[in-house]
Every structure is written in structure tokens, then in C-alpha cells.
Participant: 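Just passing along the structure, written as C-alpha cells.
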Protein chains: 2
Amino acid sequence: MLLSKSCVYGLRATLYLATKPGGEFTPIKKMSEKLEISFHFLTKILQQLTADGMLESFKGPNGGVRLTKPGSKIKLIDVVLAIDGPKLLTECALGLPGCGLKNPCPLHDKWAETRDSIRDMLQNTSLSDLAEKGEKENLRLTEDGDFEELLRN
Amino acid sequence: MLLSKSCVYGLRATLYLATKPGGEFTPIKKMSEKLEISFHFLTKILQQLTADGMLESFKGPNGGVRLTKPGSKIKLIDVVLAIDGPKLLTECALGLPGCGLKNPCPLHDKWAETRDSIRDMLQNTSLSDLAEKGEKENLRLTEDGDFEELLRN
DNA sequence: CTAATTAGAGACTCTTTTGTCTTAAAATAA
DNA sequence: TTATTTTAAGACAAAAGAGTCTCTAATTAG
Ligand code: FES
Ligand code: FES
């Protein structure tokens, strides 16, 4: 799999937060229900993003989490790096240590090219891009749901 | 990680076999030493490829495994599909079931594009392509080795 | 102040992946 | 035939990933 489950959950969660006005905190409990992700597991993942500075949290009634920057400023790559780390974009496709031009494997050139296209996609796509597209086309962020349902309430 | 460890080992092993003349069997023990992969683990992986029909095996002295087709006819995608299955090329980037045009997620279009470039790379590269490149440029298939060393003996 | 609500932290379990080991079966060589 | 070499098969263990649960700390509402 390209991205870990944690990373995918993190993406869906931050994408959901990107649909919210900046000021308000969204409780993780609500997010976990909307996104159909285990509450405790999602909590752990969002804690990483909070520690990373991408989210800020607030305890108590009316508490929750929110993005620290507008969704247009957060690229998918930021979430991926915060959760899965840089391995996807730095490791040798054949698993050899020290991928790079000094000591390449036979697949290096082709993999470097492919990897660049993955990186470009993640770098050129912001949370807002996806949120807007999702809203405009009423796309899903869960197995059966749609965007309208996600935004309701 | 893009490919599982098993898959990467399978690629390195078949790539090594592609450097051999077609007729002869190479013992897995020797491959495991050349490639610095655990013998028993490599055996299990190559058994999958044998079951899949990509390799044939022969027991006893002078036994081993060999490719059933010339390396120029085996594409990387064949090895990947045999070991990791089609998930990489069919699954939703956000982990939702049933990736496809009928019910896409907001990332679908961009991911489909990126996925195509991964698939194209795997489909357009044969074991021989890599073996020839490796030999010409004396590249490595292990942490510290080089191709010349691989071919010796 | 007290009760309720929320995130934080960490122990714990379950599953999958990765890796090891032992025994059996096939083939050869002497 | 007997010993040796090799793959086949499968049990087993270790590590990593995924998911659950409990308790604590902060904050607010009443
Ligand atoms: S060294 Fe293998 S992909 Fe770079
Ligand atoms: S539905 Fe998500 S990538 Fe296709």
C-alpha cells in the first residue's frame, strides 16, 4: 500500500477539517462518527498532527481540534510526511539502504521518475483543492456517504 | 512502502535469474547468498513464483530454479502482481472500498493519474532491461555489492 | 465547587508481515 | 542401496501495524 492506514485516516480527517470555518473546534468524537473511523484510533493519529503543529486542540466542552493554517496552505504531502515520514519519497524501490545517485540500483532512474510524479501530485494538491472538488461534485469520504451528508449538522 | 519486502526480494531474485543463460538451474541457496536474503524466506517467496508459473524448479543436485520465459518477456508488473497482488493498482488512495469512476473519492482523479504512471513504469520495464543496465553500469543489487561480483562464479 | 465534556497519554490486544526452523520429498551420485 | 543435494511444505516466533480501552488533565457549564 502506498500510504499507511494511519496516514489515510489523517488525510480524511484533515480534509474534513478543511471544510470547516477556521475559527471553530471540531470534537474528534464527531469526526470519528462522520468519517467512520474508530474514535480512539483517530484520536491517536490527530495527536501526532497536533504535536506536529498542523492542528491545534482545545479541551473541554466546545473543544476539539482545528487546522492551524487555512486548508489552501496545507498540501497532502504535509500530512503524509507528518504521519508516514519521508520513506515513500526517499527509499530505494528495491529496499537497498542509501538510495541516491552515488550508489544506485538498476531500478533507480525509473523509480526516481515515478517517485517524482507521486511527490508532485502530493505537493500540488491542497486540502482545500480536494474539499472544494468534493463539495462541488458531492463526492464521498466514507464507504457509502457523500459530501453533502458530511457537511450537514 | 510501495512494495512489500517479499515483492522486493522477488524482484531482486528474478532480476538475478535474468542474468543467467536460460537453460541452467540456479540453487536458491546460492541466490540467497549473492543477494543477501535469508535462504528460507527467499525459498518461500520463490515458491509463490513457481506456483504462479513464472519460475520452474528442479530438486536434487544441480537443481534450483530458473525463469520459464526469457527475461525480456517478463515485466516488473508480472512479479509485483504475483507477489503483492493487484491492490497497488486498484485500491482507493483514501482506503475506501470500490475505487472507480462510479463512486470516486475527492482524490480519485489525481490518484488514478499517478497510479497510471506507476503502472506504466512497471509495465514498460522488463527484467532484461534492468539486468542489461545493471551489467553495463555495474550497479548494485545488494547493500555493498556490484553487478560484476554478482555475475562472478 | 461539582459534574460534564473534551483531548492526552499510555497500556494492552489483535492482525499482518517478516523471518526462522524442522521435516518431508525428489533427484542425483557413488 | 545409501548418502547427499536440492526444493516443498508448514509450524513457529518476532516485529510492526492497526485497533481498543482506561485513566488523567484541562476546560466549561451550572
Ligand atoms: S538506489 Fe534503488 S531506487 Fe535509488
Ligand atoms: S475512489 Fe478513492 S482513489 Fe478511486
Participant: Expressed as a whole number of angstroms, how long is the span from Leu42(B):CG to dT7(D):C1'?
Facilitator: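 It works out to 12 Å between those atoms.
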
Participant: Look at the side-chain N and O atoms of Ser38(A) and state whether any lies under 4.0 Å from the OP1 or OP2 oxygen of dT20(D).
Facilitator: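 Yes.
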
Participant: Give a yes or no answer on whether the side chain of Arg140(B) reaches the backbone of Glu143(B) with a donor-acceptor pair at less than 3.5 Å.
Facilitator: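 Flag set: sc Arg140(B) to bb Glu143(B) pair under 3.5 Å.
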
Participant: Taking the nucleotide of DNA chain C with the closest heavy atom to each, which residue, Lys87(B) or Asn62(B), is nearer the 5' end?
Facilitator: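 It is Lys87(B), whose closest nucleotide lies nearer the 5' terminus.
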
Participant: State whether a side-chain donor-acceptor pair under 3.5 Å links Ser117(A) with Ser117(B).
Facilitator: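 A pair is found: one side chain offers a donor N or O, the other an acceptor, under 3.5 Å apart.
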
Participant: Within the structure provided, determine whether Met31(B) and Leu42(B) are in side-chain contact (heavy-atom separation under 4.5 Å).
Facilitator: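 A side-chain contact exists here, since the closest heavy-atom pair is under 4.5 Å.
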
Participant: Any side-chain N or O of Lys44(A) below 4.0 angstrom from OP1/OP2 of dA9(C)?
Facilitator: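 For dA9(C), neither OP1 nor OP2 has a side-chain N or O of Lys44(A) closer than 4.0 Å.
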
Participant: To the nearest Å, give me how far apart NZ (Lys29(A)) and C1' (dG8(C)) are.
Facilitator: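 My rounded result for the distance is 16 Å.
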
Participant: Check the surroundings of atom CD in Glu33(A): do more than 12 heavy atoms from other residues, nucleotides or ligands lie under 6.0 Å from it?
Facilitator: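 Yes, because the 6.0 Å sphere around CD of Glu33(A) holds more than 12 heavy atoms from other groups.
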
Participant: Nearest-Å distance, CD (Glu56(B)) to C1' (dA26(C))?
Facilitator: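 Atom-to-atom, Glu56(B) to dA26(C), this comes out as 16 Å.
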
Participant: dT18(C) phosphate, OP1 or OP2: any side-chain N/O from Tyr9(B) under 4.0 angstrom?
Facilitator: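 No.
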
Participant: Between dT15(C) atom C1' and Phe41(A) atom CZ, what is the distance in whole Å?
Facilitator: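 Nearest whole value for this atom pair: 12 Å.
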
Participant: Expressed in angstrom and rounded to an integer, what is the separation of Phe25(B) atom CZ from dA26(C) atom P?
Facilitator: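 Between P of dA26(C) and CZ of Phe25(B): 16 Å.
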
Participant: Does Ser6(B) make a side-chain N or O approach to OP1 or OP2 of dT18(C) shorter than 4.0 Å?
Facilitator: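 Yes, because at least one side-chain N or O of Ser6(B) sits under 4.0 Å from OP1 or OP2 of dT18(C).
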
Participant: Check the surroundings of atom CD in Glu113(A): do more than 12 heavy atoms from other residues, nucleotides or ligands lie under 6.0 Å from it?
Facilitator: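 Open: at most 12 neighbouring heavy atoms sit under 6.0 Å from CD of Glu113(A).
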
Participant: Let me know the distance between CZ of Phe39(B) and C1' of dC21(C), rounded to the nearest Å.
Facilitator: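 To the nearest whole Å, that distance equals 11 Å.
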
Participant: Thr43(A) side chain N/O closer than 4.0 Å to the phosphate oxygens (OP1, OP2) of dG8(C)?
Facilitator: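 Answer no for this pair, as no side-chain N or O of Thr43(A) is under 4.0 Å from OP1 or OP2.
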
Participant: For nucleotides 22-26 of chain D, list the nitrogen or oxygen atoms of the protein found under 3.5 Å from its nitrogen or oxygen atoms, one pair per line.
Facilitator:
none

Participant: Would a 4.5 Å heavy-atom cut-off, applied to side chains only, mark Lys73(A) and Leu67(A) as touching?
Facilitator: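 No, their side chains stay 4.5 Å or more apart.
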
Participant: Expressed in angstrom and rounded to an integer, what is the separation of Arg66(A) atom CZ from dT6(C) atom C1'?
Facilitator: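 Between C1' of dT6(C) and CZ of Arg66(A): 15 Å.
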
Participant: Which one, dG8(C), dG19(C), dT28(D), comes nearest to the side chain of Lys5(B)?
Facilitator: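 For Lys5(B), the side-chain atoms sit closest to dG19(C).
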
Participant: Among dT18(C), dT7(D), dT28(D), which nucleotide sits nearest the side chain of Pro27(B)?
Facilitator: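 Of dT18(C), dT7(D), dT28(D), dT7(D) is nearest to the side chain of Pro27(B).
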
Participant: Please work out if Leu46(A) contacts a base, only the sugar-phosphate, or nothing of the nucleic acid, heavy-atom cut-off 4.0 Å.
Facilitator: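 The residue Leu46(A) makes no contact with any strand.
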
Participant: What is the distance from CE of Met1(B) to P of dT18(C), rounded to the nearest Å?
Facilitator: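 Met1(B) atom CE is separated from dT18(C) atom P by 9 Å.
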
Participant: Where do Thr26(A) and Lys20(A) land on the side-chain hydrogen bond (donor to acceptor under 3.5 Å, both in side chains) test, with the steps shown first?
Facilitator: CA-CA 8 Å; Thr26(A) 304; Lys20(A) 301 281 176 182; 4.8 Å; no

